[in-house]
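Report on one structure; see the data block that follows.
We name chains A, B, ... by the order of the sequence lines, and we start the count at 1 in each one. What you see is a predicted model; the values in this text were computed from it and never measured.
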2 protein chains.
Amino acid sequence: MTTQNRKDHAEYAQATEIAAQLRRDIAEGKYGPGDRLPSQRKLAEQHNAVRGTVDRAIRDLVDEGLAITEWGRGTFVRQKPQWMRFGRRRYSRSMRTFNDLGPFGAEAAAQGKEPFVDCAAIDRIIPPSDVAERLEISPDTEVVRRENWYYADAEALQLGVTFAPWSIVEGTPVSNSADMGPEGIYGQFERQGYPITFIREEITARMPSPDESLRLQIPPGVPVIDLWHTGYDDQHRPFETTHFVMRADYSALDYDMPVED
Amino acid sequence: MTTQNRKDHAEYAQATEIAAQLRRDIAEGKYGPGDRLPSQRKLAEQHNAVRGTVDRAIRDLVDEGLAITEWGRGTFVRQKPQWMRFGRRRYSRSMRTFNDLGPFGAEAAAQGKEPFVDCAAIDRIIPPSDVAERLEISPDTEVVRRENWYYADAEALQLGVTFAPWSIVEGTPVSNSADMGPEGIYGQFERQGYPITFIREEITARMPSPDESLRLQIPPGVPVIDLWHTGYDDQHRPFETTHFVMRADYSALDYDMPVED
DNA sequence: TTGACTCACTGGTTCAAGCCAGTGACCAAC
DNA sequence: GTTGGTCACTGGCTTGAACCAGTGAGTCAA
């Protein structure tokens with residue numbers, strides 16, 4: 001590897017040194033969670049550097065998720081939030097009536113947070129190709145598109161966009177109502193003859209797009225978990241797929257499952 | 001929300017404008033994957049800005065994973081790599097003999113990559129508390145620690161650190177050899193009376209630490225998937241747990257599983 | 001032909017200075 | 001007491017200049 005990236009090169013650069021010093025100070029508890037770091041001007045003076053250099057150092061910390069800057073107030077040590085854990089049980093029948101808001105609400109409540117789910121849109125559309133593939137339908141088969149935003153304590157944590165063939169959901173609350181009733185959306189699917197029996201979860205992580213940063217109010221330095229969930233009925237036919245984008249700093253996935261031969 | 005982060009504030013800043021323009025150009029194909037962007041000095045001239053401003057804009061692109069800079073050469077549009085997908089089948093018995101290198105090797109080969117697994121260390125240690133909890137052992141029970149690095153085409157993609165009670169692995173290759181034989185590590189566990197029957201996967205994502213960036217050679221703007229895997233035998237006793245850190249831009253997880261009541 | 005060298009060009013980093021805009025403590029006027 | 005303004009302080013961003021170090025094409029002498 002002859003080419004090097006910025007950070008490699010900066011290994012002994014002043015900004016990197018300052019960042020490393022601050023990381024040490026944070027790790028050693030000199031600055032605890034929520035504490036304010038010295039101002040950029042003070043740090044510049046202390047390290048015999050220009051303020052722009054300190055700004056770069058702090059930007060690195062922020063990008064790592066270790067600190068958060070607030071305009072006009074200062075730079076603060078970030079407190080690691082509790083995780084919301086989601087997994088296979090999210091879809092189990094016994095979870096359905098656990099809480100008005102479903103598994104998300106239950107998990108939020110367990111964390112002492114106020115859950116809120118906002119169904120922002122319900123549309124009837126021609127599906128994007130990746131949706132059609134997951135639903136195993138031809139690309140011109142219409143689907144319902146339900147856009148849900150999940151909040152805890154008024155902070156947006158997740159975006160979930162659910163797709164299902166229109167023919168399955170026509171006339172049911174899934175196609176025309178934000179309220180899925182006490183049994184939830186999977187109760188509705190079950191009534192239509194599609195009991196959720198298998199699920200497939202395709203997971204990756206990435207940095208949010210600028211649009212996602214804005215809409216999910218994701219702080220700098222926090223990635224998102226990008227999850228495609230697909231539900232299958234007892235005959236292994238897919239009947240719904242949901243694309244979740246979750247703030248990674250608040251979210252964990254937790255699956256337990258049998259191993260087959 | 002009265003406080004705003006850096007990016008919100010910079011919404012109409014010049015650097016953000018330049019970044020947005022470059023994003024558009026990339027999206028529209030003006031610059032394709034692998035193409036070199038104009039030099040910072042040229043871009044500065046074009047946008048009537050100073051080079052520092054252009055540098056900030058490009059840094060944003062790099063942090064998003066859209067571009068990669070090479071010192072002395074220029075800034076290039078990043079090509080999105082193929083993903084390696086891992087999931088439940090990674091542990092199934094039928095996968096064990098698929099390839100000398102196991103599921104990782106099989107997946108790499110499927111992507112046309114040259115797989116290589118390096119067992120960097122085998123130690124006998126007192127486990128960290130999170131390991132002891134997952135193995136359901138007392139914190140003073142010794143365990144084996146196996147550190148594995150996974151490469152594809154000489155690029156490090158994953159780090160996996162496996163822990164298992166020393167009492168289980170004593171005298172077996174798991175405790176003293178990099179080579180697990182044709183049946184792999186789970187074949188060894190099975191011989192000791194621990195057939196892998198259930199798994200638990202705890203998944204989250206985060207930005208890599210500077211150390212991880214260095215050792216996995218992770219480009220800026222790429223998060224890691226942080227995965228704790230635990231294997232259980234037919235009596236639901238945990239016998240091994242592995243902590244994976246995976247480059248998120250190359251890795252996806254793909255699970256299919258039954259839903260239970 | 002080949003290898004050493006030059007040189008223009010690249011990004012990486014820092015400097016020194018300045019203006020802008022949000023914050024919050026403080027204080028005077030109501 | 002409450003209100004509204006001042007002001008010192010915060011980070012956000014830009015300017016313009018400079019030096020460093022890696023790259024690679026082109027040159028020139030052995």
Send over the distance from [X] [atom1] to [N] [atom2], rounded to a whole Å.
X       : N      : atom1 : atom2 : value
A:Leu43 : D:dG12 : CG    : P     : 13 Å
A:Glu45 : D:dC9  : CD    : C1'   : 14 Å
B:Arg73 : C:dC9  : CZ    : P     : 17 Å
B:Asp55 : D:dG16 : CG    : P     : 17 Å
A:Lys42 : D:dT10 : NZ    : C1'   : 10 Å
A:Trp71 : C:dA21 : CH2   : P     : 7 Å
A:Arg56 : D:dG12 : CZ    : C1'   : 14 Å
B:Arg59 : D:dT14 : CZ    : P     : 14 Å

Pairs touching residues 19-34 of chain B that satisfy side-chain hydrogen bond (donor to acceptor under 3.5 Å, both in side chains), sequence neighbours left out: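 Qualifying pairs: B:Gln21-B:Arg24, B:Gln21-B:Asp25, B:Arg23-B:Glu64.
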Would one find a side-chain N or O of [X] under 4.0 angstrom from OP1 or OP2 of [N]?
X       : N      : answer
B:Thr75 : C:dG11 : yes
A:Arg41 : D:dG12 : no
A:Ser39 : D:dT10 : yes
B:Thr53 : D:dT15 : yes
B:Gln14 : D:dG12 : no
B:Thr69 : C:dG12 : yes

Taking side chain as C-beta onward, heavy atoms only, is A:Arg247 less than 4.5 Å from A:Glu155?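 A side-chain contact under 4.5 Å exists here.
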Given side chains that start at C-beta, do those of A:Arg59 and B:Arg56 come closer than 4.5 Å, heavy atoms only? yes
Checking C:dC15, D:dG11, D:dT14 against the side chain of B:Ala15 (C-beta onward), the nearest is D:dT14
Using a 3.5 Å distance criterion without hydrogens, assess whether the side chain of B:Glu201 forms a donor-acceptor pair with backbone atoms of A:Tyr255.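 A pair under 3.5 Å: no.
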Enumerate donor-acceptor pairs with a distance under 3.5 Å from any side-chain N or O in residues 116-128 of chain A to protein atoms, sequence neighbours excluded.
{"from": "A:Arg124", "atom 1": "NE", "to": "A:Glu142", "atom 2": "OE1", "distance (Å)": "2.9"}
{"from": "A:Arg124", "atom 1": "NH2", "to": "A:Glu142", "atom 2": "OE1", "distance (Å)": "3.0"}

Answer yes or no: side-chain N or O of B:Arg51 and base N or O of D:dG16 forming a donor-acceptor pair under 3.5 Å.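 Not at all, since no donor on one side and acceptor on the other fall under 3.5 Å apart.
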Please figure out whether A:Asn48 or A:Gly72 has its closest DNA chain C nucleotide nearer the 5' end.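 Its nucleotide being nearer the 5' end, the pick is A:Asn48.
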